[in-house]
Amino acid sequence: MNFINTVTISGLIHHLSRRKENKYFPFSVRHESTLQDGTPRKDFLSARVFNEALRENLASLEENTPILVKGVLRSSKGSGELYIDVSDAEILNNTAELINIVTLSGSVHVIKAQNEGVTGAGKYIRFAVRQEDPEKGRDFIVVRVFDDGLKETLAAKNDNDPVTVEGTMRSSRGSGVNYVRCEKIE
């Protein structure tokens, strides 16, 4: 099955401490936006760079340098942590135009444990988009659905049904866990 997996995020680079020598450079993109009620929101979006040349370039940037990253979403094999597998990045003059776009397709994976929750944004249902890649393996990309109409669309789907999701990447204010906030589902 061919699937879609694209993410484009702008923000400020935030260096993470490196506990061990990895084959990737870990960092986060601090993406600041304003909610509809005017409240500021900061998301720290996990990213990893595996390409050696790009890894060296990003590691050399000063903290809070405005950047735009593009790549795919992956889930860590050990922890299940969601991160951007960065394939391209560029330095920006500023972050005046905020970009946070995620598009995914795959199959529905129903999460049985803790599939519902409540945040300051309201009640949500949680599921995962499962993607199978013969070279990179299986990923389960966690999605939260807040909108009642989108919840109904999701409720009409069964485990393993095809699904396409559009939304934004977010980090939970409480735990810092990264997820996709669903804005459209088919």
Side-chain angles (χ1 to χ4, degrees), residues 1-31 43-59 61 67-90 99-115 117 124-145 154 159-172 175-186:
M1 171 185 198
N2 290 334
F3 56 84
I4 300 167
N5 185 334
T6 63
V7 59
T8 304
I9 307 278
S10 67
L12 305 175
I13 192 166
H14 176 71
H15 294 283
L16 301 175
S17 64
R18 296 175 78 178
R19 294 187 189 119
K20 60 182 180 179
E21 189 58 39
N22 294 321
K23 59 182 178 182
Y24 60 85
F25 170 63
F27 68 99
S28 66
V29 177
R30 189 175 82 214
H31 182 84
D43 289 290
F44 289 86
L45 308 173
S46 299
R48 297 178 182 177
V49 181
F50 292 87
N51 174 284
E52 190 172 337
L54 187 55
R55 185 171 64 207
E56 289 175 15
N57 287 340
L58 288 173
L61 294 177
I67 60 170
L68 174 77
V69 298
K70 295 180 181 180
V72 297
L73 290 178
R74 303 292 316 269
S75 58
S76 174
K77 299 296 180 238
S79 65
E81 173 190 348
L82 185 64
Y83 66 91
I84 305 165
D85 182 348
V86 178
S87 59
D88 190 26
E90 64 181 85
I99 299 170
N100 188 337
I101 302 167
V102 174
T103 305
L104 300 168
S105 67
S107 57
V108 172
H109 176 75
V110 175
I111 298 173
K112 295 181 175 100
Q114 298 178 345
N115 67 339
Y124 64 85
I125 295 176
R126 194 170 72 113
F127 76 102
V129 174
R130 183 178 53 236
Q131 295 188 328
E132 305 272 347
D133 185 318
E135 294 179 22
K136 296 190 177 190
R138 181 181 303 155
D139 283 299
F140 294 92
I141 301 167
V142 176
V143 179
R144 291 183 184 180
V145 182
L154 177 61
D159 204 34
N160 294 319
D161 281 352
V163 66
T164 300
V165 172
E166 293 177 13
T168 57
M169 188 173 174
R170 297 290 182 91
S171 62
S172 173
S175 64
V177 170
N178 286 192
Y179 64 92
V180 174
R181 182 180 175 126
C182 181
E183 294 174 1
K184 182 178 178 183
I185 188 168
E186 296 175 349

For Thr164 and Ser105, the nearest pair of non-hydrogen atoms, with its separation, is OG1-CB, 3.5 Å
Contacts of Ser171 meeting side-chain hydrogen bond (donor to acceptor under 3.5 Å, both in side chains) (sequence neighbours excluded), chain-then-number -> Asp43
Sorted by chain and number, sequence neighbours left out, side-chain hydrogen bond (donor to acceptor under 3.5 Å, both in side chains) with Asn5 holds for Gln131
Of all heavy-atom pairs linking Leu82 and Val142, the shortest is CD2-O, 4.4 Å
*Under 4.5 Å between any side-chain heavy atoms of Leu16 and Ser28, yes or no?*
yes
message = Contact between Met169 and Asn100 at the side-chain level, heavy atoms closer than 4.5 Å - yes or no?
response = yes
> Can you say whether the rings of Phe44 and His14 are parallel (under 30°), tilted (30 to 60°) or perpendicular (over 60°)?
Replying inline: perpendicular
- prompt: Distance-only, no hydrogens or angles: does the Arg126 side chain make a donor-acceptor pair with backbone N or O of Gln114 under 3.5 Å?
  reply: yes
Here the gap from Arg74 atom CZ to Ile84 atom CD1, rounded to the nearest 0.5 Å, amounts to 13.5 Å
Which of Asn178, Thr168, Val7 passes side-chain contact (heavy atoms from CB on, under 4.5 Å) with Leu45? Answer is Asn178
Nearest heavy-atom contact between Ala89 and Val69 is CB-CG1, 4.0 Å
Side chain to side chain contact (heavy atoms under 4.5 Å, CB included) between Ile99 and Thr8: does it pass, once the steps are laid out? CA-CA 7 Å; Ile99 299 170; Thr8 304; 3.8 Å; yes
In terms of heavy-atom contacts, Gly80 and Ser75 come closest through O-CB, 3.8 Å
Review point. Looking at side-chain heavy atoms only, is the closest gap between Lys23 and Phe50 below 4.5 Å?
Key: yes
Residues at least two apart in sequence or cross-chain that pass salt bridge (Lys or Arg N to Asp or Glu O under 4.0 Å) with Arg30, listed by chain then number, are Glu32
Heavy-atom nearest pair, Ser107 first then Val163, reads C-CG1, 3.9 Å
dist Ile125:CD1 -> Arg144:CZ (nearest 0.5 Å) comes out at 13.0 Å
Scanning both residues in full, the closest heavy-atom pair of Ala47 with Val86 reads CB-CG2, 3.9 Å
Any side-chain heavy-atom pair from Asp159 and His109 closer than 4.5 angstrom?
-> yes
Interatomic distance, CG@Leu104 vs CD1@Ile141, rounded to 0.5 Å, equals 5.0 Å
I would like to know whether Val102 and Thr6 meet side chain to side chain contact (heavy atoms under 4.5 Å, CB included); could you show each step before the answer?
-> CA-CA 6 Å; Val102 174; Thr6 63; over 6 Å; no
Does the pair Val110 and Phe127 meet the rule for a side chain to side chain contact (heavy atoms under 4.5 Å, CB included), with working shown?
CA-CA 5 Å; Val110 175; Phe127 76 102; 6.0 Å; no
dist Ser76:OG -> Asp85:CG (nearest 0.5 Å) comes out at 11.5 Å
Does some side-chain heavy atom of Asp133 sit less than 4.5 Å from a side-chain heavy atom of Asp139? no
CG (Asp88) and CG (Leu68) are apart, to the nearest 0.5 Å, by 8.0 Å
Applying ring-ring contact (aromatic ring centres under 6.0 Å, His included) to Phe27 and not counting sequence neighbours gives Phe25
Q.
side chain to side chain contact (heavy atoms under 4.5 Å, CB included), that's the test. Do Arg138 and Glu132 meet it? Break it down for me.
A. CA-CA 5 Å; Arg138 181 181 303 155; Glu132 305 272 347; 2.8 Å; yes
Value for OG1 (Thr103) from NZ (Lys184), rounded to nearest 0.5 Å, stands at 9.0 Å
Applying side-chain hydrogen bond (donor to acceptor under 3.5 Å, both in side chains) to Ser10 and not counting sequence neighbours gives none
Sorted by chain and residue number, the ring-ring contact (aromatic ring centres under 6.0 Å, His included) partners of Tyr124 (sequence neighbours excluded) come out as Phe146
**Message:** Tell me if the NZ atom of Lys77 is crowded by more than 12 foreign heavy atoms within 6.0 Å.
**Reply:** yes
